[in-house]
Amino acid sequence: MRSSAVDNGLRTGVTFGIVIVTMFLIGFTVTGAGLIGKLFGASDSATPSLMFYSLFMILIGMWAGASASPRPLTEADTFKRALISGLVAGLVSGAIAAVIGFIFGDLSANKIDPRTYLPSVSPDSIKLFLFNQTPLMGSLTLLALMTVSAAVSAALSFFFRSNHWLKNKSGETSNAARGFFQSAGLNRVLQSQYASYVFWAITAVVLIILPRVWGSYWNYVFGTVGIYIILGLGLNIITGWAGQLVIGYVAFFAIGAYTFALLTAPEPHHLTVNFWVALALGVLVAGISGLLIGLPILNLRGDYLAIVTLGFAEIIRILLKSDLMTDYTAGPRGIRDIGGPTILGKPFVSDVDFMYVIIVAVLAVTFIAHRLRNSRTGKAWFAINLDETVARATGINAFGSKLLALSLSAAVAGLAGALFASRNQFTGPDDHALMVSINVICLVIVGGIGNIPGVFLGAFALKGLPEILRETESYRLLIFGVLLVIMMRLRPEGFLPARRPELEKHAAQTPSGKEA
Amino acid sequence: MPACIQTKKVSKIFGGLTAVNSVDVVVPENAIASIIGPNGAGKTTLFNCISGYYVPEHGEILFYDMPIQGQPTYEVATMGIARTYQNIRLFGEMTAIENIMVGQYPRFKAGWVDAILSTPRERSEEKQAVEEGRRLLKFVGLEGLGDSLARNLPYGAQRRLEIARALANKPRLLLLDEPTAGMNPQETEKMTHFIRSLRDELGITILLIEHDMRVVMGISDQITVLDYGTKIAEGKPKDIQSNQRVIEAYLGPDVTSLTQKYQLRKKQRYAKS
Amino acid sequence: MDKPTSTSDQGKLRFGRYVRMFIGIVIGVFLVWRLYDVLVVEHKFGADTWVRFGLSGLILGGMYALIAIGYTLVYGIMFMINFAHGEVMMLGAFGGFFVFEALRFIPAPTLADPKLNFLDAHPIFSVFLAFAVGISISATAGYFLEKIAYRPLRKAPRLILLITAIGASIFLQNLAMLLFGPQRKNVVNPDLLDRGAGWTITVSGNPVLISYTGVFSLVLSAVLMIGLYILVQRTKLGRAMRSVAQDKNTASLMGVDVDDVISKTFIISGSLAGAAGVMWGIHMGLVNHYTGFLPGIKAFTAAVMGGIGNIPGAMLGGMVLGIIEATGPAALGIDFQLKDVIAFSILVLVLILRPSGILGEKLSEEKL
Amino acid sequence: MLKVENLQVYYGAIHALQGVSFHLEQGEIVALIGANGAGKSTVLNTVSGILRPREGSVAFEGQAIHETPPQDIVRKGIIHVPEGRKIFSRMTVTENLEMGAYTNNDRAAINRDMEAVFARFSRLRERRDQLGGTLSGGEQQMLAIGRGLMAHPKLLLLDEPSMGLSPILVEQIFDIIQDINEQGTSILLVEQNAQMALAIADRAYVLETGNIVMQGTGDDLLKDPKVIAAYLGGH
């Protein structure tokens, strides 16, 4: 059964109405306008201009209109149907927003500040929401803006979807592009060995030069990104390949960081172990703790395993934070003055130098992950992930394999933790909250679970982008939550899905007669 | 000939229900043996006991005179017992050749350290694995399909790939759970030949569960009949075909008279209307 | 027939059994030592203190039980850990808080007290309204959570559902934080339910306060639990829920609309969580966006402890966990800061040592 | 009454039904026979709405039902007694029967129907308060059929009712099937025990790898040499 155009519009309208009101209530309308302003190169001013706010609302209205316009397009779908859907969607969402806007505008006019209960709704944001007009005029403007933009966008999207000319044209161009690449033999060039040498050479040069030129702020940002890449690659082993979700991954990060910190900081144990030794020990202790924690729990079913690891992580964090451990781990205050790297006795602690350390670590872990991925061990992990029972029946010691995967993951997390502590020259219990794990899980999933380039993409998108879009800082976790839900629904394999290697073809291409 | 696999009074009980009841089966080396019986007779349960999924409550299972009951599944597999499943269970998200390479797992030694360092051992093993995988693909008639995902293969190809994966470990005993289920007569015919060639060319002992009597009677050296978890008959195909208890188990004691009774009742019904 | 009730994976059994035995012995020895130390050697607390702890444990346990039932119902029917369940409870707590705040602003002057507000003038109605609103909000949240986030994933692997639930949990928590601000809010009860008011009894010469809010919470949780039990055991909807939990396909062959039953299950568990949330506000007095997280995980622990999928088990598990948490730090002579460590340790230990829970049947692996 | 045309059903990449067509008239017993994995149960699951066909149609009393969800198909009078009985093992016998009458809201009528089921299967009356899981195989099969009857089926789909039952019980079950049919319920029967199925069926279809390869009256197929060779064990 097909829903009528009005129904369709009504449903979309209510959804978008709620979204707009929520955005207003959490102050995102102001942030959104600011983001649009930034897009157009406007300088960071405290109050975004009315123009950018209008543009922001128009974009939302157009989105509403586009999603309201009927899909899939059949013969019976007429232009009228699309227009009605869009119009209704705009009208309804606009009306919902207008009513709420009017209420708040009226309250504000009567000098009632809603910030006691809704701290994000400032008088400025109310004024902006109502286009700096009176409550009545403002809400009417809101209504009109939404209706018009939704209707226009519904009509436009009708044309885009129905217009065969456009569809064919774009198909042709992409074909043409592909043809060009093929005919020019670009593919072969790109795949040739020299190309990869050139690529690596350029990458190396860039990686050597960049930390020197872009200043300590970007070194800090990309240092964090690098540490999260390491964490992501580590989690990928146990979760992406072996298929065991570990929510409490941060526990191993904390173990690595604390091991390193306690060995190199003057307080509380007066140890000044060499950076490299402490780093190795941090990795080792984290790996062993992965082994020990894994022993009793790795036979648990997937979701139980996830929750148990969460329990472990919380226990470790609460213990670190408690007074009980103050003598051993410096308690809630954390550990200061953690040592930095030295090479041949020379300190190596400037932000540029440390960036190199992180780059080397990222490359090393990437290399290891790459080597493991399609090895015999890696295949065993993936087999366990897909069907543990059958994997066992083909001779794989599933428990042992999972234990190995968890230990390796934990060791990598230990490395990340040690680097993190060393770079910040500080570590405390709050560095190791559950949100670190959630961040890592998000970036692995968003990038493409089980895929190495996916981890890079995910880390840049989830740790790098928010640094650039500073306005969104407080909305970051909210967006993560939505992102997780949407990814699981639409694209659980992530933006860069993992690909299987082509072994048969590869073997066929190498002249097999020689070695026989 | 030595016994390849032998069960001695094996019983498996599920919550009070005896699924397999004191069953003795002896399969000589290099034989093709079948287990038949009505649905729910305990055939697959017996398979699961042999391959190590279940630990039988009573009895012993001997593989070349070595007791294997209670051994973990992966060790049973490593010793040389491979199996297929009634409802094909491949690693769907892996390619065909990778499925076979997982099957080869116990035969190779390279560990994670080898993988990271890319030691000569790991490189030569990997090369050997791919080579043998391709040979196996060719053997089961899937040449050229090695790089397609297992779940995208057609039904018949999936069945053959599953057997190829089982063969990858060079097993001495192969357990086949309804290898011709869902096949048409021509495909069944081919599969029958294929199973025989496994024994003749590779020297593998085969124990299979099968419902298609043409297949069973055609290739079995020995047939064991289970009913309600109990062995009710054992012997050569000819003996089984004429065994009264087997006929009863499959068709009921006086199926002819029942058939006549029901046909009569049908006639009366037609007469009425 | 061939569905296994017990699988042997000797590999893990052999390994696991020793590890588990070792852990069990270590824990046992530790417990005996600490209990002996605290109860016999030091004799730190009098009977009155234990009564006080026990009481607050019971009250806490009642709330845990209500939340735990939600986990168990949803797990029984969908085999998923509804990680966002704690957040559903938090929304209910906010609902109750806002009702009290709103009613406090409505004047209801009487001759005796011209400054009287509605909340104090009609406390019973106010509390009733708070529960009605809190429960409705949580029930609605549960309903939409299932409909928007979980329903499209009906056939997806469990891990995908779990990640979705984690996503929903993060979303709801941060939404609440952005909407209502990160600071804690004091829930101002009507005078009748003042947290300091109650009956005083004397135990070994010392007074012990039995607060009205505590008794109220305990009674209400008991009533709700009994009501739920009757709903599940005696009504048509309850039968439908149980049938869907056992076998969705067969249930639909009986004419049961599986989607509808799952929706209703989420509404019911949301309602119970909402009730627990409002109670939490009334009894504990503080509400913020983080209110649901810890009780949620602890209630999950309780559900697992009682055998997940088992309703009486969830009730029992909640009660036991509440009492352990309240008396544990004192009984073991450790810092009260570490009471959450006790709860999490129980979570970890139960899952390691007896994942089927106290009342649970042996968990059958659904797929061999 | 039931008309199935060109049914195409897939499990992932596997083509389980490759264009199955058949029909069933009011009052008939129609049997589907074939080897394991031939697609018999798939046909029943598609008719009762658990599976959706990729192509083809199922019509019941002239109405297309192949896109109707199972719970609504039940309300039209098609009751499916699934393979392996699938009784609710953690519910009592009475509760199982009440589940069968789920679509009925008339308490008195439900009690009458339950009496009728108990009259037919007296063993169930003795065990009315026992949990379904504690019943023997034969009792479970009776409960499954009784549960199906609680919904007043116009068409009863029976999947392997004789599976795992001793010969005496098989005879009882087949007697009951005929009784039910003579009281006016049409029956679509899937059976491994081809001999018995053909004996009671008015008409039958033979399935092989998702295709219907033979059809005819039950009596004719019983005599067909090809059927005898393939499905009757050559006796």
Side-chain angles (χ1 to χ4, degrees), chain A residues 22 25-28 115-120 239 243-245 247 295-308 310-312 314-315 318-319 321-324 387 389 392 397-400 435 438 441-442 445 474-489 492, chain C residues 7 9 11-13 15-16 19-20 22-23 79-81 83 98 101 148-149 152-153 156-164 166-175 177-183 185 297 300-301 304 334-335 337-338 340-341 344-345 347-348 351-353 355 363 365 367-368:
Chain A
T22 312
L25 292 179
I26 63 178
F28 196 77
R115 272 187 288 187
T116 328
Y117 297 110
L118 297 166
S120 310
T239 300
Q244 314 296 315
L245 183 61
I247 305 183
L295 271 180
I297 67 170
L298 272 175
N299 51 18
L300 286 174
R301 264 193 351 230
D303 39 5
Y304 277 17
L305 179 82
I307 301 275
V308 169
L310 180 147
F312 268 119
E314 283 292 285
I315 290 173
I318 298 170
L319 283 179
K321 206 169 180 167
S322 71
D323 300 332
L324 189 74
D387 191 335
T389 313
R392 275 195 249 121
N397 179 351
F399 185 78
M435 279 307 141
I438 305 255
I441 292 172
C442 279
I445 286 170
S474 47
Y475 304 100
R476 185 152 82 192
L477 283 171
L478 186 84
I479 294 168
F480 275 16
V482 178
L483 211 57
L484 275 188
V485 174
I486 293 177
M487 287 297 283
M488 286 300 106
R489 182 166 166 180
Chain C
T7 61
D9 185 348
K12 73 188 181 196
L13 278 188
F15 227 70
V19 176
R20 263 180 254 159
F22 176 72
I23 294 172
F79 300 105
M80 73 166 289
I81 299 169
F83 201 80
F98 279 115
E101 289 298 299
I148 295 171
L153 302 173
R158 274 215 285 244
L159 234 40
I160 292 210
L161 268 168
L162 182 63
I163 293 169
T164 306
I166 293 172
S169 161
I170 299 171
F171 172 75
L172 290 175
Q173 218 180 82
N174 285 280
L175 186 68
M177 187 189 78
L178 290 165
L179 279 176
F180 310 128
Q183 60 285 87
K185 286 145 195 80
I297 290 183
F300 171 74
T301 309
V304 173
I334 57 177
D335 202 322
Q337 273 183 333
L338 296 181
D340 291 342
V341 169
F344 281 116
S345 307
L347 170 70
V348 170
L351 283 180
I352 292 173
L353 300 176
L363 270 180
E365 290 191 21
K367 199 173 116 188
L368 179 76

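A note on names: the letters A, B, ... follow the listed sequences, proteins ahead of strands, and every chain is numbered from 1. It should be emphasised that the depicted structure is a prediction, and the values quoted were computed from it without experimental measurement. Basis for what follows: all heavy atoms, side chains included, without hydrogens, waters or symmetry-related copies.
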> With chain C, which of Leu478(A), Ile297(A), Leu25(A), Val308(A) has the greatest number of heavy-atom pairs at distances under 4.5 Å?
Replying inline: Leu478(A)
> Looking at Ile23(C), Ile81(C), Leu347(C), which one has more heavy-atom pairs under 4.5 Å with chain A than the rest?
Replying inline: Ile81(C)
>> I'd like to verify something: which residue of Ile486(A), Thr116(A), Leu319(A), Ile318(A) has the highest number of heavy-atom pairs under 4.5 Å with chain C?
In response: Ile318(A)
> Which residue out of Pro119(A), Gly400(A), Ser120(A) racks up the most heavy-atom pairs below 4.5 Å with chain C?
Replying inline: Pro119(A)
>> So for Leu153(C), is it side chain, backbone, both, or neither that comes closer than 4.5 Å to the heavy atoms of chain A?
In response: side chain
> At what distance, to the nearest 0.5 angstrom, does NZ of Lys321(A) lie from CG of Leu338(C)?
Replying inline: 12.5 Å
> Going from CG on Leu477(A) to CE on Met177(C), what distance comes out if it is rounded to the nearest 0.5 angstrom?
Replying inline: 7.5 Å
> Between Ile315(A) and Val348(C), which heavy-atom pair has the shortest distance, and what is it?
Replying inline: CD1-CG2, 4.2 Å
>> Restricting to non-hydrogen atoms, name the atom on Leu300(A) and the atom on Leu351(C) that form the minimum distance, rounded to 0.1 Å.
In response: CD2-O, 3.3 Å
> At a heavy-atom separation under 4.5 Å, does Ile297(C) approach chain A through its side chain, its backbone, both, or neither?
Replying inline: side chain
> Given that the side chain runs from C-beta out, which part of Leu310(A) has a heavy atom under 4.5 Å from chain C: side chain, backbone, both or neither?
Replying inline: side chain
> How far apart are the closest heavy atoms of Ala306(A) and Leu162(C), and which atoms are they?
Replying inline: CB-CD2, 3.6 Å
> How long is the gap from CG on Leu179(C) to OG1 on Thr22(A), to the nearest 0.5 Å?
Replying inline: 7.0 Å
> chain A heavy atoms under 4.5 Å from Phe79(C): which part of the residue, side chain, backbone, both or neither?
Replying inline: backbone
> Taking atom CD1 of Ile352(C) and atom OH of Tyr304(A), what is their separation to the nearest 0.5 Å?
Replying inline: 13.5 Å
> So what's closer than 4.5 Å to chain A heavy atoms on Ser345(C): side chain, backbone, both or neither?
Replying inline: both
> Can you say whether Ile479(A) sits under 4.5 Å from chain C via the side chain, the backbone, both, or neither, judging by heavy atoms?
Replying inline: neither
> Got a donor-acceptor contact below 3.5 angstrom from the Arg489(A) side chain to the Thr164(C) backbone?
Replying inline: no
>> Using heavy-atom distances under 4.5 Å, tell me whether Leu305(A) contacts chain C through its side chain, its backbone, both, or neither.
In response: neither
> Can you say whether Leu483(A) sits under 4.5 Å from chain C via the side chain, the backbone, both, or neither, judging by heavy atoms?
Replying inline: neither
> Can you check whether Val485(A) reaches Phe171(C) side chain to side chain, under 4.5 Å on heavy atoms?
Replying inline: no
>> Looking at every non-hydrogen atom in both residues, tell me the closest pair between Gly311(A) and Phe344(C) and how far apart they are.
In response: CA-CD2, 3.9 Å
>> Between Leu161(C), Ile163(C), Leu175(C), who has the most heavy-atom pairs with chain A when the cutoff is under 4.5 Å?
In response: Ile163(C)
>> To the closest 0.5 Å, what do you measure between OG (Ser322(A)) and CG (Asp340(C))?
In response: 11.5 Å
>> I want to check something: taking the side chain as every heavy atom from C-beta on, are Asn174(C) and Tyr475(A) in contact at a cut-off of under 4.5 Å?
In response: no
> What distance do Ile247(A) atom CD1 and Ile166(C) atom CD1 have between them, rounded to the nearest 0.5 Å?
Replying inline: 3.5 Å
